[in-house]
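Just so it is clear, the model here is predicted, and its values are computed rather than measured. Residue numbers begin at 1 in each chain, while the letters A, B, ... track the order of the sequences.
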Amino acid sequence: MQGYLDSLIAAGWFSALPVQVVYAGGMLLAGAVVLFVFILLVAGFTTFVERRIWARIHSRVGPNRVGPQGVLQWLADGLKLFMKEDLIPAAADRKLFRMAPYVVLMGFVATFAVIPFSSRLVIAEMDIGLLFVLTVTSLVVVGILMAGWASNNKWSLIGGIRGAAQIVSYEIPAGLSILPVVLLAGTLNMQELIRQQGWAPWDWTLFANPFAFVAFFLFFTAALAEGNRTPFDLPEAETELVAGFVTEYSGVRYLMFFLVEWGNLYVIGALVTTMFLGGWNIPPVTDSVFLQTLLEFLTFFFKAYFWVFVAIWIRGTLPRVRVDQLMSVCWKYLVPIAFVNAIATALWIIAFPHGNRVVAFVMTGIGAALVALFFSRVAFHLRRSRVRARNQFTLSPFA
Amino acid sequence: MGLQEYDIEVERDGLDTEEMTLNMGPQHPSTHGVLRFVVKADGEVMRKATPDVGYLHRSIEKIAEKVGYHGFMPYTDRVDYVAAMFCNQSWAMACERLAAIEVPVRGEYCRVVAAELNRISSHLLSAASMTLDIGAATPFFHAFREREKINDLLEELCGARLTYNYMRIGGVAWDLPPGFVEQTRAFLDDFEPALAEFHDLISGNKIYVERIAGVAPTSAARAVAYNLVGPNLRASGVDFDVRRDIPYSIYPQLKFAVPVGRGEVGTIGDCFDRYIVRMREIEQSVSLVRQCLEQMEPGPVLAKVPRKFRPPVGEVYVRVESARGDMGWYVVSDGSEFPVRCKIRTGSFAAMSMIEELSRGLMLADLVAVIASLDIVAPEVDR
């Protein structure tokens, strides 16, 4: 980003303005573009994708009326929520109640400042990138607690407190499982993390050594918990707490909470892709900067979006854990494993200061074998369900 | 319930903490209709959950005294609308026993086919809503997909999908429609693998088992003391089934096992046992329906019963193994066209009274699992 602005200034643009103003303006413009063109679109579209995938898992059809195959459903939902009356309960703390969605939204949107889109597209290439993400996502806790408290509703309060306890707890295994990656790369800079990996799977941090492999699963689990996703969706457990901390919200404020929830899925995917899966790395296939950037963007986007799909899939499969089980999973299992993992990574670095290609190839092989095993299971189940589909029994005239 | 019940207790040792009084229901997503619990909670842990019944009271027993014996049949559907066939059957049986009417054999077979199909659908609903309450939405939809087919079948049979009004005093309203036997067999062939798939999906799921194994166990003695019936009683290890032990209809001619809770993954009588006993009863019901379809022979389905039905003076108590257990109907006749008194004894009411004891010291999320595992259906509690 800074590079573009520097070249523009050198070319004699904005000569009347101080450099700092140009930088600030450029950042704001890029932020606005990312927010309105990318985040809104991705978060909104993800709600549609989630509903359709979920419906297929449930053996339903899902929304298919608005636009071709229902692709505009998310717009219709958003519009409806915009036009709804924005209720604030009489006994609520009005100021906090209004602030909470903005705080949550802020914590979420700020992460996009450092999340890269391609080798050239990133709002701010900060040296503290990963640390920044961990920090701003903590803001979400404050917003959730605020929403729970300000609603003056006991279900909201329980939801808010559950959310706070959960997110604060799971930040520890998340942080600890980032450590191996940081140790291996020696940097917190998101772009640098990606640059150190290659396009091929055996160059990814995921397969660099066994500990990074473990760290990946630890991080993904902890990130699901931080994003309040099933099986850790306790703060808004609809069958226990009505709707948790969003019980009293309606209209646009409700929309903001949901934007964050679905947008967060992409953030989880983007972080995983950045740290473990080689980010936007592709072999140089074309001389055109534009085309290369586009390909890198698509690579990164689809890698990240795959994990959105996995999260949706998990939501379609697993029930919800109980609050004490949630805590024991975190403190009795994830935290110790992450600790041992981080120390073991340090020892690994002492043993192999320049990495070990053989281990990387072996790990990649194991990964490929796991994927193959998985797909053979999927094929088995598909075959079985096709057998079922043949003698499907129905009396319904609509079937 | 007096006002003093709602008072907040304050612990005086050390830091003062207040108990939170939570109102769970009547508009709460997992109270299965309009139930209400006054929950006293210390954070996530419940001190106790007091059930508050009566939101769905419709004076069904009083209506029986006003509409006459034939006219009351559609009202029985509303006693337990999830398993209406059993209410139909028990009302018909009570009237038949009062007037000593013999039901044609084919009529009895039709009743059992309808009732067992209804038991499958009721247990599917119970298991489905239980998984949903634990937080898994997919098994819920899969179970409802199968239940929908049973609704289709019963619609073929009697024109209604929920409140069937299928049975009559002296038999059933209609014989099986043409093609029903083949359709039912086709459904059962399709349903058995679907049930296996349901077990694959959720019954062995680690999170699901952890959530319900060992939660709120009822010992056999407590279950009997609280008058639990049906699957709830059997889950506690008490081997009692009205169909086998106080036989009625054609059940003595059918072979079926009575699944009993064994505490496979936790304690005997915990939420998992109540769940798995229901799932096994579904398998038994499938076999019962198959046997009935095999054994059925052509014949009349409805005995001759006068339109002005005046049973002789007397009283009768019939028991039927409903989907929610031993359902008892006490009917007193004074020889007129209207019963003098009708009292219905249902399983959910007894189960409801046990929740206060079961809920002590559990987590808030467990209460939802306990309500679901006891299979409480609100209309049956209040009538």
Could you tell me if B:R147 sits above the aromatic ring of B:F144, with its cationic atom closer than 6.0 Å to the ring centre and no more than 45 degrees from the axis?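 Satisfied, under 6.0 Å and within 45°.
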
If you draw the axis of the six-membered ring of B:F141, does the NZ or CZ of A:R60 fall within 45° of it and under 6.0 Å from the ring centre?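 The answer is yes, since A:R60 meets both limits relative to B:F141.
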
Keeping the roles fixed (side chain from B:H199, backbone from B:A194), state whether a donor-acceptor pair exists under 3.5 Å. no

Looking at B:E210 and A:R322, is any side-chain nitrogen of the basic one under 4.0 Å from a carboxylate oxygen of the acidic one?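 Salt bridge absent between A:R322 and B:E210.
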
Answer yes when B:E283 and B:R278 have at least one side-chain N-carboxylate O distance shorter than 4.0 Å, and no when they do not.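 Not counted as a salt bridge, because no side-chain N and carboxylate O are separated by less than 4.0 Å.
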
If you check every heavy atom in residues 143-152 of chain A against those of chain B, which residues fall under 4.5 Å?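 So far as heavy atoms go, nothing in residues 143-152 of chain A approaches chain B to under 4.5 Å.
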
Can you see whether B:N151 engages B:E155 through a side-chain donor-acceptor pair at a distance of less than 3.5 angstrom?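 Not at all, the side chains of B:N151 and B:E155 share no donor-acceptor pair under 3.5 Å.
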
Would you kindly say whether A:Q69 and A:N64 are connected by a side-chain donor-acceptor distance under 3.5 Å?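 On atom types as modelled, these side chains do not qualify, holding no pair under 3.5 Å.
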
Under 4.5 Å from any heavy atom of chain A, what part of B:I202 do you find: side chain, backbone, both or neither? side chain

Could you tell me which portion of B:V215 (side chain, backbone, both or neither) has an atom closer than 4.5 angstrom to a non-hydrogen atom of chain A? side chain

Which one, B:P139, B:A369, B:A136, leads in non-hydrogen pairs under 4.5 Å with chain A? B:A136

